[in-house]
Amino acid sequence: MELSYYSDFAVRLVNTEEPERGVDTLTSVESVRELCGANRQTARRATEADVARLRAVRTRLRAVFGAASEGDETRAVDLLNALLMEFPASPQISGHGDLAADGRPRWHMHLAEHPVTAAAGYTATACMGLAFHLTDLGVERLGICQAAPCSKAYLDTSTNRSRRYCSDRCATRANVAAYRARKRLESRDSKDVREDDDAEAVPERPAGSTTSGRTAEKTHGSTGRSER
């Protein structure tokens, strides 16, 4: 459905912060306007108060992605429903002046911007889009990047639903880290095996023995000659 396009609004908002790295780019009115992007009507309404409002929504949306990533579908849906109730959206049919080859408008669903604050408008759009994405493709399509310390949110659009990272860069970094960890484990196991083999190769001496076999034989010969 067309409205699922707006789910990216939710991802962009969540990813303005990386808690594990202490990064937060949502710090000013300008950052709010940048977040809104082409959504100019919302951007024009942005004020300093919208920074705190969107930060609060960001925390709640991150919880939605976190619950989905952990496989807790019911909690993810409940958290998102709470946001939808608090920030209702107004779907409308729109053409944006875009005409098809036959000259007729290309009608599609659009979310109207009626809320009085930029934060409310952005949140309504993000949550509605995420809701359509979730119900259309499944809760498991929402995730948090598994490449520590990254904790960015992502929407899985892969055909086999196998995505675990927010980007190719994080996937590569995680694969390299896993490869190095395997190599370290293999090296440690190999060292343990060599040490065990070395220990088994050393012959045991008789109890109380302090001389080699050759020394003992020489000593015994000398004793026999002395007795004769």
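No hydrogens, no waters, no symmetry mates; every other heavy atom, side chains included, goes into these values. These numbers were taken from a predicted model, which means no experiment stands behind them.
Contact of the Ser7 side chain with the Leu134 side chain is not registered, since no non-hydrogen atoms from C-beta on lie closer than 4.5 Å. When side chains are defined from C-beta on, Leu130 counts as touching Leu142, because their heavy atoms get closer than 4.5 Å. Between Val32 and Tyr122 there is no side-chain heavy-atom pair separated by less than 4.5 Å. In this structure the side chain of Arg45 never reaches within 4.5 angstrom of the side chain of Val116, judged on heavy atoms. Val14 places none of its side-chain heavy atoms less than 4.5 Å from the side chain of Val64.
When the side chain to side chain contact (heavy atoms under 4.5 Å, CB included) test is applied to Ser151, the partners found at least two apart in sequence or on another chain are Pro19, Glu20, Arg62, Ile144. Legend: residues meeting side chain to side chain donor-acceptor pair (under 3.5 Å) with Arg53, ordered by chain and number and at least two apart, are Asp50. The salt bridge (charged side-chain N to carboxylate O under 4.0 Å, His left out) check on Arg163 picks up nothing, with sequence neighbours excluded. Partners of Arg21 by salt bridge (charged side-chain N to carboxylate O under 4.0 Å, His left out), not counting sequence neighbours, listed by chain and number: Glu18.
The SG atom of Cys36 lies 8.0 Å from the CZ atom of Phe9; values are rounded to the nearest 0.5 Å. With values rounded to the nearest 0.5 angstrom, Glu34 atom CD is found 8.5 Å from Ser28 atom OG. Rounded to the nearest 0.5 angstrom, Thr123 OG1 and Leu61 CG are separated by 7.0 Å. Annotation: the span from Met85 atom CE to Leu83 atom CG amounts to 11.5 Å, rounded to 0.5 Å.
Summarising the geometry of Ala89 relative to Met128, their closest heavy-atom pair is CB-CE, 3.9 Å, with the distance given to 0.1 Å. In terms of heavy atoms, Asn15 sits closest to Ala153 at OD1-N, 2.7 Å. Nearest heavy-atom pair, Ala120 versus Phe87, reported as atom, atom and distance to 0.1 Å: CA-CD2, 3.9 Å. Closest of all the heavy-atom pairs between Leu155 and Val11 is CG-CG2, 3.6 Å. The shortest non-hydrogen separation linking Gly143 to Phe65 is O-CD2, 3.6 Å. Of all non-hydrogen atoms in Cys145 and Cys166, the two that sit nearest each other are SG-N, 3.4 Å.
In this structure, Trp107 is a member of the same hydrophobic cluster as Phe132, with clusters built from ILVMFWY side-chain heavy atoms closer than 4.5 Å. Ile93 and Tyr5 fall within a single hydrophobic cluster, where Ile, Leu, Val, Met, Phe, Trp and Tyr side chains are chained together by heavy-atom contacts under 4.5 Å. Criterion: ILVMFWY side-chain heavy atoms under 4.5 Å apart, direct or through other members. Under it, Val139 and Leu137 are not part of a common hydrophobic cluster. Linking ILVMFWY side-chain heavy atoms closer than 4.5 Å, directly or via other members, places Leu26 and Val29 in two distinct hydrophobic clusters.
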Check: residues 69-79 side-chain donor-acceptor pairs under 3.5 Å, at least two apart:
from	atom 1	to	atom 2	distance (Å)
Asp72	OD1	Arg75	N	3.2

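Judged by distance alone, with hydrogens and angles left aside, the side-chain atoms of Thr59 form a donor-acceptor pair with the main-chain N or O of Arg55 at under 3.5 Å. No donor-acceptor pair under 3.5 Å is formed between the side chain of Asp24 and the backbone N or O of Glu17. In terms of modelled atom types and a separation under 3.5 Å, the side chain of Arg141 and the main chain of Asp156 share a donor-acceptor contact. Looking at Thr16, its side chain does come within 3.5 Å of a backbone N or O of Leu13 through a donor-acceptor pair.
A ring-centre distance under 6.0 Å is not found for Tyr165 and Tyr154.
Each salt bridge (Lys or Arg N to Asp or Glu O under 4.0 Å) pair with one or both residues in residues 115-131, not counting sequence neighbours, would appear here, but there are none.
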